[in-house]
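To find a chain, count down the sequence lines: A is the first, B the second, and so on, and within it residues start at 1.
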Amino acid sequence: MGLKIYNTLTRKKEPFVPVNPGKVGMYVCGVTVYDMCHIGHARSVVLFDVIYRYLLKSGLDVTYIRNFTDIDDKIINRATQLGEDWKHLAERFVKEFHFDMDALGVKRPSIEPKATDHIQDIISLISALIDTGHAYEADGDVMFSVTSFSTYGKLSGKKTEDLVSGARVEVDEKKKDPLDFALWKAAKIGEPFWNSPWGPGRPGWHIECSAMSMRYLGPTFDIHGGGADLTFPHHENEIAQSEGATGEPFAKYWIHNGFVNIRSEKMSKSLGNVLNIRDILKETHPEALRLFLLSSHYRSPLDFNDTSIREASVGLERLYAACASLEEIEEAAGRLSSLPVELSDLDSRFREAMDDDFNTPKGLAIMFEASRAINRIHTESGGDKDKIPAPDLLRKAGNELAGWARDVFGILNENPQDFLEKTRRSGTDELGITEDQIRQLLDERSEARKTRNFKLADEIRDKLLEKGILIEDGPEGSTWRVKQ
RNA sequence: GGCGGCUUAGCCAAGUGGUAAGGCGACGGUCUGCAAAACCGUUAUUCGGCGGUUCAAAUCCGCCAGCCGCCUCCA
């Protein structure tokens, strides 16, 4: 395959060559389980879900690891705040994470390891770092010595001198050098702890990912991913710890996704504009949210606002409408022996788009072009069998299209008729009119139209429109839908 | 202060050397009693500005302007 991936490590698009032919090891930093997941988490999780799905579709044997950080300062603080056992709190938010991600149609990774299940791996790794001279014990803590690792900064492009002069580094007497970071933290009174050669304590933030990735994928593996903010210091530190301990190269390709802004502002707790996935899904179809998240390139910033999410919803409906049209023209038993270009070679065109550093916007463009071609056949053939491609041709195109939409993008999983019907009447409850009343008014209007009383017919239509109901007259009578 | 990125139509957004995908919106047309939906057509002689390299640049180089991210927990 001709997959190219933009590698943060080299700042270039590079051909993807797996360490072991036919196999892929992929590790993505998951969430710290102390709160509900927001739209930013959704972007990262959906992106790597699509990457995982694409690698699987390419016939690769993928081992996909996504961890949970279930012991950390934030968890301890939140637990104290709520008067809840920290372990209970962590488990609760693991469940919430799964609830949201299942709703978003995210495939479960091969393994979802938790930091607390890997304390022994972590301790072994720290011991190895002490043995190799990359770490030192300091009063119950263990610190990583940044200056001991000569290539420190290679991922984020930082020089250690610049970092020191940046002067934003935390001062800590236990550190020999201000840049050093904790591998193991001695437990304070009342804090959760595990016993270790250095006394009771818990792992630092970065070490768990080194320990768990190497545990499941070996010292060298293919892809390591996460949000752009994790590049430094988290991933930089992971490299230092892992390569320092093993002496072998760590992850080969580093993939980082851009941030989601909310109405052009950075999403942050202080601005109070953090959007939870749970809340968004109350008003937005999960597939529309996926479509939105995949509508721009993964490394670009993405702005969440009323327009962008509405466009995604409209777009999803358009794709489903095309699916429904396709079913109809398939049943028409056409005799045309060729397909329009927009419906030809779909597999190779989708592959070309995804091979180019997972260009999902391009992939979506192919779907929209195909939809337009389907609609065109639908309306312009006028039922003329000589203008409709033969069913087997249409079926092939439809299968390719649906295959990519479902298997890779994770959309169009519903029955088109059911989806459209559901969308048509979604939100009726809030309009102050029942479906029976609508039906009744529609019947009245049909009568009026039969007798060519268009004044009354239009009055009824306007009245319904005021309520938010849109009427569509078709050859088989009138239908209604809730105006979006 | 250090490092990195971005700037493409009214809006969103692909495109990294060969002459501007796609979506939303708007306008005109077909259809309709009129609409709606759907389809067709139009909507960037041009890619922040100024120079340079080249037969050829949105794409490469330089300078300038504006915006953003990271350097501290953060997807």
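- Residue A:Arg449 places no side-chain N or O under 4.0 Å from the OP1 or OP2 atom of B:G33.
- At a cut-off of 3.5 Å, with distance as the only test, no side-chain donor of A:Asn67 or A:Glu112 sits close to an acceptor on the other residue.
- Using a 5.5 Å limit on the distance between ring centres and a 30° limit on the angle between planes, the aromatic ring of A:Phe368 does not count as stacked on the six-membered base ring of B:G22.
- At the heavy-atom level, A:Asp303 lies nowhere under 4.0 Å from the strands shown.
- Within 6.0 Å of NZ in A:Lys154 there are more than 12 heavy atoms belonging to other residues, nucleotides or ligands.
- Using a 4.0 Å heavy-atom distance criterion, A:Gly258 is classed as a base contact.
- You'll find that the side chain of A:Glu311 is closest to B:C12, out of B:G15, B:C12, B:G2.
- Defined by atom type and a distance below 3.5 Å, a donor-acceptor pair is missing between the side-chain atoms of A:Glu472 and A:Ser478.
- Using a 4.0 Å cut-off, some side-chain N or O of A:Asn375 falls inside it from OP1 or OP2 of B:C39.
- Residue A:His38 places its side chain closer to B:A75 than to any other of B:C71, B:A75, B:G33.
- B:C31 and B:A37: their C1' atoms are spaced 10 Å apart (whole Å).
- If you check B:G4, B:A21, B:C70 against the side chain of A:Ala365, the one that comes closest is B:A21.
- Out of B:A35, B:C70, B:C39, the shortest distance to the side chain of A:Glu380 is found at B:C39.
- Atom CZ of A:Phe181 is separated from atom C1' of B:C73 by 16 Å (rounded to the nearest Å).
- Taking atom C1' in both B:A58 and B:G15, one finds a spacing of 8 Å when rounded to whole Å.
- B:U7 and B:G49 have their C1' atoms separated by 11 Å, given to the nearest Å.
- Residue A:Val45 is classed as having no contact, given no heavy-atom separation below 4.0 Å to the nucleic acid.
- Remark: A:Lys74 is positioned above the aromatic ring of A:Tyr34, its terminal NZ or CZ atom under 6.0 angstrom from the ring centre and at most 45 degrees off the axis.
- Between the C1' atoms of B:G10 and B:U43, the separation comes to 10 Å (whole Å).
- Of the C1' atoms belonging to B:U8 and B:A13, the separation is 9 Å, rounded to the nearest Å.
- If you take CG of A:Asn77 and P of B:C74, they are 13 Å apart, rounded to a whole angstrom.
- One finds no side-chain N or O of A:Arg11 lying less than 4.0 angstrom from the OP1 or OP2 phosphate oxygen of B:G4.
- To the nearest whole angstrom, the two C1' atoms, one in B:G69 and one in B:G52, are 30 Å apart.
- A donor N or O paired with an acceptor N or O is found under 3.5 Å between the base of B:A35 and the side-chain atoms of A:Arg461.
- The aromatic ring of A:Phe259 does not stack onto the base of B:G69, failing the criterion of a centre distance under 5.5 Å from the six-membered base ring together with planes under 30° apart.
- For A:Asn261, no side-chain nitrogen or oxygen approaches OP1 or OP2 of B:C68 to under 4.0 Å.
- You won't find any donor-acceptor pair under 3.5 Å spanning the side chain of A:Asp229 and the base of B:G69, going by distance alone.
- Among the heavy atoms of the strands, none lies under 4.0 Å from A:Leu364.
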Can A:Lys463 and A:Glu459 be said to form a salt bridge (Lys or Arg N to Asp or Glu O under 4.0 Å), step by step? CA-CA 6 Å; A:Lys463 187 177 165 188; A:Glu459 273 171 21; over 6 Å; no
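- In this model, no donor atom of one side chain and acceptor atom of the other lie less than 3.5 Å apart for A:Thr147 and A:Asp177.
- At a cut-off of 3.5 angstrom, the base of B:C24 holds no donor-acceptor pair with the side chain of A:Arg310.
- Taking side-chain N and O atoms only, A:Arg372 has a distance below 4.0 Å to OP1 or OP2 of B:G22.
- Distance noted for atom P between B:U42 and B:A20: 15 Å (whole Å).
- Straight-line distance between the P atoms of B:G17 and B:U59: roughly 11 Å, to the nearest whole Å.
- In this structure, the nucleotide among B:G33, B:A14, B:C74 sitting nearest to the side chain of A:Lys74 is B:C74.
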